[in-house]
Amino acid sequence: MAKSIPSRSEDYSLWYNELVKKADLAEHSDVRGCMVIKPYGYSIWEKMQQALDKMFKETGHVNAYFPLFVPKSFLAREASHVEGFAKECAIVTHYRLKNSPDGKGVVVDPESELEEELIVRPTSETIIWNSYKKWIQSYRDLPILINQWANVVRWEMRTRLFLRTAEFLWQEGHTAHATAEEAVNETLQMLDVYADFAENYMALPVIKGKKSEGEKFPGAVDTYCIEALMQDGKALQAGTSHFLGQNFAKAFDVQFATKEGKLDYVWGTSWGVSTRLMGALIMAHSDDDGLILPPKLAPLQVVIVPVFKNEEELNAIRSSLEPVIQDYRKQNVTVKLDDRDTQKPGFKFAEWELKGVPVRLTIGPRDLGQGTVEIARRDTKEKQVIKIEQAVVDTLVLLEDMQKNIYRRALEFRKQMTTQVDSFDQFKKVLDEKGGFIEAHWDGTTETEAIIKEETKATIRCIPLDAKEEQGVCVYSGKPSNKRVLFARAY
RNA sequence: CGGGGUGUAGCGCAGCCCGGUUAGCGCACCUGGUUUGGGACCAGGGGGUCGCAGGUUCGAAUCCUGCUACCCCGACCA
């Protein structure tokens with residue numbers, strides 16, 4: 001039992017932290033709040049990137065890269081934006097070191113002070129809109145549909161691997177449009193892309209919605225989001241898409257000549273998902289034995305564990321597997337034969353389960369005589385013995401079924417953990433005893449939202465886009481409301 | 001950033017209160033052998049600036065001060 005992890009019911013946070021480390025996804029670095037994403041974790045992120053990048057390209061976007069450093073004055077141009085990020089910025093003040101006078105190490109050279117300090121980007125709206133000003137003169141220059149894959153820094157006080165780190169990886173899309181309508185459509189289109197990705201790749205059911213005034217992005221007119229529910233009943237924002245209106249265009253004076261020959265400010269959007277998705281992926285599906293990865297994002301989809309006593313047996317197994325492995329490769333299934341003779345099969349089973357490999361084949365002397373192989377699925381732990389010729393076909397079916405099954409499981413959980421409440425007492429009771437999403441009427445005011453947050457720690461996750469029109473009264477104030485919004489305690 | 005806790009071998013911990021041989025245990029690691037269908041066993045072996053920096057003392061993992069990192073709870077946030 002070298003690598004077992006704590007159970008979810010015992011200590012959910014500890015389970016998460018240990019799982020991230022034991023499954024070799026990431027570890028803390030010696031820099032406060034920062035993590036090292038290890039190869040296995042990074043390869044999952046790469047799979048996410050590949051899928052998302054393709055979807056961005058298919059919707060007409062192109063990639064570019066803007067600088068890590070943002071002049072301090074840029075950030076200040078948009079009032080609510082600077083207010084939103086001021087408290088968590090890393091600032092570059094000097095550009096040179098010199099040998100310490102006492103001969104031990106190096107010190108900042110006081111003569112290298114920058115005239116204007118540089119902010120390490122917490123997000124890139126300002127530096128990008130500063131460029132857009134140069135790029136846009138006429139309606140013919142629009143739209144601009146740019147995405148960038150980058151790291152950003154937000155100096156967080158309290159960090160957790162993947163969920164909140166001082167530096168994280170993400171993509172940020174920044175688009176510029178001639179009309180408000182087009183920008184809103186773009187905002188909603190990218191929200192759909194995120195929801196599509198979450199549900200079809202991550203097998204993570206999400207609720208699309210709009211953020212309340214209190215929860216929206218600083219600088220945006222409207223913020224849309226996808227919200228997911230984790231196994232401990234807490235919500236997690238998995239992606240955001242912002243309609244920026246003309247806020248940044250006005251702040252950076254980005255005007256264009258319309259078809260009618262008039263000058264107008266450009267309409268903007270921005271949208272992003274981050275390595276936080278890794279946290280969502282882990283917390284949505286995994287169990288007390290380790291990771292459960294959706295087949296579409298698993299770096300390794302099939303692992304083969306041979307059972308052998310000696311070199312001859314291993315060789316016999318190898319030759320009977322050769323066509324199978326070839327066939328997997330032809331089907332673009334990633335496969336690995338774990339032929340280490342330093343670990344016993346039982347150890348390997350546990351290790352690959354910890355790492356969330358969807359399908360495992362086990363083959364030993366017993367199978368060789370009969371032309372069979374044992375096939376096991378990670379999500380339900382079911383095993384069966386099949387003909388070796390069937391292995392690849394069965395795997396393909398299994399992978400597809402697992403992708404659907406873990407989605408179904410997560411959706412079923414979310415349904416179970418979504419409660420409609422009509423009184424504040426019930427609201428508090430459900431929150432404390434059950435958790436999950438709460439659908440409740442809200443009077444639409446920031447004041448009520450703030451008081452509920454203060455008293456219950458629950459926030460409005462979103463106003464669901466598909467919320468039904470329904471007359472009711474606010475759970476807190478009793479004032480009229482025409483739809484339910486989604487509350488939860490959140491990450 | 002506030003309150004609490006922890007930091008001793010790669011990982012998990014004991015020792016600290018009450019200072020005193022050579023700092024110990026489990027897992028992992030190395031060697032040899034027996035094993036191998038759910039985390040093997042036996043024997044032998046290697047590995048430590050006791051988080052960092054000061055201080056008290058004849059003597060510090062142990063006492064004192066400062067710093068740092070992580071964990072939990074709050075405030076803030078993707």
Side-chain angles (χ1 to χ4, degrees), chain A residues 1-6 11-14 16-18 21-22 24 27-35 83-89 104 122-123 152-172 194 211 214-218 223 225-228 235-242 270-280 289-290 305-311 313-314 317 338-354 360-368 370 372-374 376 381 383 385 453-454 457 459 461 490-491:
Chain A
M1 298 291 278
K3 274 194 163 181
S4 63
I5 53 173
D11 189 334
Y12 193 83
S13 299
L14 195 60
Y16 175 81
N17 290 337
E18 288 299 304
K21 283 182 259 188
K22 297 266 168 62
D24 258 340
E27 63 188 27
H28 288 283
S29 79
D30 287 337
V31 183
R32 185 194 191 111
C34 295
M35 65 177 166
E83 198 191 325
F85 288 108
K87 283 170 289 183
E88 47 187 3
C89 286
K104 294 175 193 161
T123 179
V152 287
V153 169
R154 296 181 188 173
W155 213 261
E156 297 290 347
M157 292 305 162
R158 199 174 152 191
T159 59
R160 295 193 65 191
L161 293 168
F162 290 118
L163 297 172
R164 177 164 300 105
T165 46
E167 180 193 17
F168 56 93
L169 306 183
W170 77 345
Q171 59 68 217
E172 44 180 329
Y194 287 155
K211 285 291 185 190
E215 294 279 329
K216 75 175 191 192
F217 175 73
T223 289
C225 61
I226 51 173
E227 290 285 329
L236 185 137
Q237 178 177 303
T240 50
S241 186
H242 315 289
S270 68
W271 28 273
V273 295
S274 71
T275 36
R276 182 177 235 209
L277 289 179
M278 294 285 294
D289 293 320
V305 176
V307 180
F308 57 97
K309 285 196 174 62
N310 50 49
E311 195 71 15
E313 278 186 7
L314 178 58
I317 289 169
D338 184 359
D339 58 2
R340 289 175 293 175
D341 60 2
T342 50
Q343 318 290 349
K344 288 184 62 173
F347 178 92
K348 294 178 184 176
F349 295 167
E351 186 172 72
W352 293 115
E353 277 164 10
L354 180 63
R360 182 188 72 227
L361 298 186
T362 307
I363 179 164
R366 276 199 323 244
D367 298 292
L368 281 181
Q370 301 165 35
T372 58
V373 63
E374 181 192 85
K381 297 280 202 74
K383 298 187 265 200
V385 176
K453 183 178 177 184
E454 174 74 29
K457 310 294 172 211
T459 49
R461 300 320 303 156
Y491 277 97

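Naming: A, B, ... by sequence-line order, numbering from 1 per chain. These numbers come from the heavy atoms of this one structure, side chains and all, not from hydrogens, waters or symmetry mates. Quick caveat, the model's predicted, so the values are computed rather than measured.
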*Which nucleotide in the set B:C71, B:A78, B:A75 lies at the smallest distance from any side-chain heavy atom of A:R158?*
B:A75

*In the strands shown, is B:U34 matched to any nucleotide by a Watson-Crick or G-U wobble pair with both distances under 3.5 Å, and which?*
B:A40

*Using salt bridge (Lys or Arg N to Asp or Glu O under 4.0 Å) as the criterion, list what pairs up with A:D11, not counting sequence neighbours.*
none

*asked:* Suppose we screen for salt bridge (Lys or Arg N to Asp or Glu O under 4.0 Å). Which residues come up paired with A:R340, at least two apart in sequence or across chains?
replied: A:D338, A:E351

_Can you tell me whether the side chain of A:E353 and the base of B:G39 have a donor-acceptor pair closer than 3.5 Å?_
no

*5'-most contact on RNA chain B: A:T159 or A:T275, nearest heavy atom basis?*
A:T159

*Nucleotide of B:G37, B:A78, B:G38 approaching A:S274 most closely (side-chain heavy atoms)*: B:A78

_Spacing of A:Q343 atom CD relative to B:U35 atom C1', expressed in whole Å_ = 14 Å

_Would you say CD of A:Q343 has more than 12 non-hydrogen atoms from neighbouring residues, nucleotides or ligands within 6.0 angstrom?_
yes

_Whole angstroms only, please: what is the CG-P distance between A:L163 and B:C76?_
18 Å

*Proximity to the side chain of A:M157 - top-ranked nucleotide from B:C1, B:A78, B:G37*: B:C1

*Using the P atom as the reference point in each nucleotide, state the distance between B:A40 and B:U21 in Å, no decimals.*
39 Å

*Under 3.5 Å, side chain of A:S241 to main-chain N/O of A:W271, donor-acceptor pair present?*
no

*Rounded distance in Å between the P positions of B:G51 and B:U6*: 13 Å

_Distance, C1' atom - from B:U62 to B:A14, rounded to whole angstrom_ = 14 Å

*Do A:R461 and A:K211 come within less than 4.5 Å of each other through their side chains, counting heavy atoms only?*
yes

*asked:* Less than 4.0 angstrom between a side-chain N/O of A:K457 and OP1 or OP2 of B:A75, yes or no?
replied: yes

*Please check if atom CH2 in A:W155 has more than 12 non-hydrogen atoms from other residues, nucleotides or ligands closer than 6.0 Å.*
no

_With rounding to the nearest 0.5 angstrom, report the NZ to CD distance, A:K348 to A:E353._
14.0 Å

*To the nearest Å, how far apart are A:F347 CZ and B:U35 P?*
21 Å

*With a 4.0 Å cut-off on heavy atoms, is A:R340 in touch with a base, just the backbone sugar-phosphate, or nothing at all?*
nothing

_Heavy atoms only, 4.0 Å cut-off, all strands: where does A:D367 land among base, sugar-phosphate and nothing?_
base

_From C-beta outward on A:K383, which listed nucleotide comes closest to its side chain: B:C72, B:G38, B:G37?_
B:G38

*Does B:G19 pair with anything, Watson-Crick or G-U wobble, both distances under 3.5 Å, and if so, with which nucleotide?*
none

*Which part of the nucleic acid, if any, lies within contact of A:F217, taking any heavy atom under 4.0 Å across all strands shown: a base, the sugar-phosphate backbone alone, or nothing?*
nothing

*Which nucleotide in the list B:C71, B:A78, B:U36 gets nearest to the side chain of A:K344?*
B:U36

*Looking at every strand, decide which applies to A:G33 at a 4.0 Å heavy-atom threshold: base, sugar-phosphate, or nothing.*
sugar-phosphate

*Between B:G38, B:C76, B:G39, which nucleotide gets closest to the side-chain atoms of A:E156?*
B:C76

*So what does A:L236 touch, heavy atoms closer than 4.0 Å: a base, only the sugar-phosphate, or nothing?*
nothing

*Contact class for A:S29 vs. all strands (heavy atom < 4.0 Å): base, sugar-phosphate, or nothing?*
nothing

*Report the residue (A:T342 or A:E88) whose heavy-atom-nearest nucleotide on RNA chain B is the more 5′ of the two.*
A:T342

*Both distances under 3.5 Å, Watson-Crick or G-U wobble: report the partner of B:G74, or none.*
B:C1

*asked:* Taking only side-chain N and O atoms of A:S13, does any of them lie within less than 4.0 angstrom of OP1 or OP2 on B:C72?
replied: yes

*CD of A:E351 versus P of B:A28: gap in Å, rounded?*
12 Å

*Would you please confirm or rule out a distance under 4.0 Å between OP1 or OP2 of B:U36 and any side-chain N or O of A:N310?*
no

*Return the nearest nucleotide to the side chain of A:K453; candidates are B:C71, B:C76, B:G37.*
B:C76

